[in-house]
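Only heavy atoms go into these numbers, but all of them, side chains included; no hydrogens, no water, no symmetry mates.
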Amino acid sequence: MLTAFARAFRTPDLRKKLLFTLGIIVVYRVGTHIPIPGVNYQAVQKCVNEASGNQGLFGLVNMFSGGALLQITIFALGIMPYITASIILQLLTVVIPRLEALKKEGQAGTAKITQYTRYLTVALAILQGTGLVATARSGALFNGCSVASSIVPDQAIFSTITMVICMTAGTAVVMWLGELITDRGIGNGMSILMFISIAATFPSALWAIKKQGTLAGGWIEFGTVIAVGLVMVALVVFVEQAQRRIPVQYAKRMIGRRSYGGTSTYIPLKVNQAGVIPVIFASSLLYIPALVAQFAGGKSGWKTWIEQNLTKGDHPIYIVSYFLLIVFFAFFYVAISFNPEEVADNMKKYGGFIPGIRAGRPTAEYLSYVLNRITWPGSLYLGLIALVPTMALVGFGASQNFPFGGTSILIIVGVGLETVKQIESQLQQRNYEGFLR
């Protein structure tokens, strides 16, 4: 692997792409440390230190921003608005015929959908930026911090608008940086920025576990977490690469004097066909009632019940709800992203068939049957992986400090594998040996 890296840097055009990507990453990380105007930076730092390991409702969004959310910087929203906009557009493509027609138009339609995603990203950034400023001003961003109410000292409307504009512009810049990596770098720009955001939180989280440990100065806990992390990575790589290959044969056809077809291929159905989307959906859905309860005034029965049962990661009701939502969204997302009837029709149109299965409706029913069977272990795997931080709460006392679990490990492994494949494919184009043997 190290030899492959050396060969990649010896190839002039690939070296330029790698260095360009590293430069964009540096710019992105610098932006996550530049505070927006109108914020008391000293108060923010004090509250961040007091809230270390207890980020509450904002833990997921803070992770996606690389820790910039709680620092209230120009990149505080990170790529979360873009991720949300992409998911919304993907879901709307199934329901709105106009978007579905655009998707089938090829490159021109995809470019149009990308443009819609950008507009929706800016709109969501304005909405989330306003919510973040209001949360910081009310002191709810850092519960229990003594100076939380003085984070935004200026209550004027002009100051609020300036802060929202800065965060929205920061989101637009992050989106632009991701597209630059996609066009001029090694590809998968948004995924790489997401990877960097999550990986940036690992060192501080691991060191916090070491400081909180009691055995041999915390080194035993630190080593245990590293060992568990390596096992988790191996498990996730194994499941993410696992797939059910359904054989497909194409009959020979004579067109003029030439024969076409007669080849054999397969349809790869991944065990985790939905990726990390069900975990994000489930986290977002559980985040909504807790956020509503946080801003609701006074004391009421429903607010108390939500605060006791749906805001604590180690509560049985929260654990069961989170697990069931992940399983449900895994089936839901697979159902809207993979259409067995469409695949069966395309196969029939080009003379393809699954050995032993008749073309048309029987093929669609068979694909649906296989997909349902492999989605069950995939959804259960997602649910168990997402609950790893909760298990760490019992062993280490702070679930927010445990980095190897849930959404973070799935994204880190998925993006890492995809990036390695991208570089490997470019190396193989030049007759070099790739990363994977």
Side-chain angles (χ1 to χ4, degrees), residues 55-64 80 83-84 86-88 90-92 94-95 198 228 232 235-236 238-240 242 244 269-294 296 301-340 368-395 399-400 402-411 413-414:
Q55 297 167 359
L57 296 175
F58 305 97
L60 179 69
V61 185
N62 188 58
M63 180 188 71
F64 277 111
M80 200 63 181
I83 295 172
T84 310
S86 301
I87 293 173
I88 291 173
Q90 197 169 3
L91 294 176
L92 290 179
V94 184
V95 227
I198 297 171
V228 170
M232 290 284 299
L235 173 65
V236 172
F238 178 76
V239 180
E240 290 295 316
R244 168 74 184 273
L269 296 179
K270 294 181 66 177
V271 173
N272 182 22
Q273 190 85 3
V276 76
I277 300 297
V279 181
I280 296 176
F281 276 12
S283 303
S284 304
L285 204 61
L286 284 176
Y287 172 80
I288 293 172
L291 190 63
V292 171
Q294 193 175 49
W302 66 270
K303 180 180 177 181
T304 306
W305 188 88
I306 288 176
E307 288 177 346
Q308 290 177 349
N309 301 307
L310 292 181
T311 59
K312 299 176 181 177
D314 58 338
H315 197 281
I317 294 180
Y318 180 91
I319 293 173
V320 172
S321 303
Y322 191 37
F323 184 82
L324 293 178
L325 281 172
I326 289 174
V327 173
F328 167 76
F329 280 122
F331 278 92
F332 173 75
Y333 191 77
V334 167
I336 66 170
S337 61
F338 185 89
N339 189 348
S368 180
Y369 168 75
V370 173
L371 197 61
N372 285 333
R373 290 191 66 184
I374 67 171
T375 303
W376 269 113
S379 61
L380 296 176
Y381 144 82
L382 275 179
L384 292 175
I385 289 291
L387 290 177
V388 166
T390 305
M391 302 172 194
L393 178 64
V394 180
S399 63
Q400 293 295 338
F402 190 81
F404 301 109
T407 315
S408 58
I409 197 71
L410 290 168
I411 293 175
V413 171

Peer 1: Check the pair Leu371, Phe331 against side-chain contact (heavy atoms from CB on, under 4.5 Å), reporting the backbone distance first and the verdict last.
Peer 2: CA-CA 9 Å; Leu371 197 61; Phe331 278 92; over 6 Å; no
Peer 1: Parallel, tilted or perpendicular: which describes the rings of Phe332 and Phe328, with under 30° parallel and over 60° perpendicular?
Peer 2: parallel
Peer 1: If I compare all heavy atoms of Lys270 with all of Ile374, which pair ends up nearest, and what's the gap?
Peer 2: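 So the minimum-distance heavy-atom pair works out to O-CD1, 3.4 Å.
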Peer 1: What distance separates Ile87 CD1 from Leu92 CG, expressed to the nearest 0.5 Å?
Peer 2: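 The CD1 atom of Ile87 sits 12.0 Å away from the CG atom of Leu92.
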Peer 1: Nearest 0.5 angstrom please: Arg244 CZ to Leu269 CG, how far?
Peer 2: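 With rounding to 0.5 Å, CZ (Arg244) is 8.0 Å from CG (Leu269).
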Peer 1: For the CD atom of Gln90 and the OH atom of Tyr333, what is their distance to the nearest 0.5 Å?
Peer 2: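 Between Gln90 CD and Tyr333 OH, I get 3.0 Å after rounding to 0.5 Å.
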Peer 1: Only one of Leu325, Val327, Ile326 clears side chain to side chain contact (heavy atoms under 4.5 Å, CB included) with Phe323; which?
Peer 2: Val327
Peer 1: Of the non-hydrogen atoms in Ala330 and Ala274, which two are nearest, and what is the gap between them?
Peer 2: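 Result for this residue pair: O-CB, 4.1 Å.
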Peer 1: For Phe329 and Ala282, which heavy atoms make the closest approach, and how far apart are they?
Peer 2: CD1-N, 3.9 Å
Peer 1: Quick one: CD1 on Ile88 to CD1 on Ile83, what's the gap to the nearest 0.5 Å?
Peer 2: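 Spacing of CD1 (Ile88) from CD1 (Ile83) equals 12.0 Å.
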Peer 1: How about Leu410 and Tyr381: do any of their side-chain heavy atoms sit closer than 4.5 Å?
Peer 2: yes
Peer 1: Say you draw a straight line from CG of Leu235 to CG of Leu384; how long is it, rounded to the nearest 0.5 Å?
Peer 2: 9.5 Å
Peer 1: How long is the gap from CG on Leu91 to CD1 on Ile336, to the nearest 0.5 Å?
Peer 2: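 So the gap between those two atoms works out to 4.0 Å.
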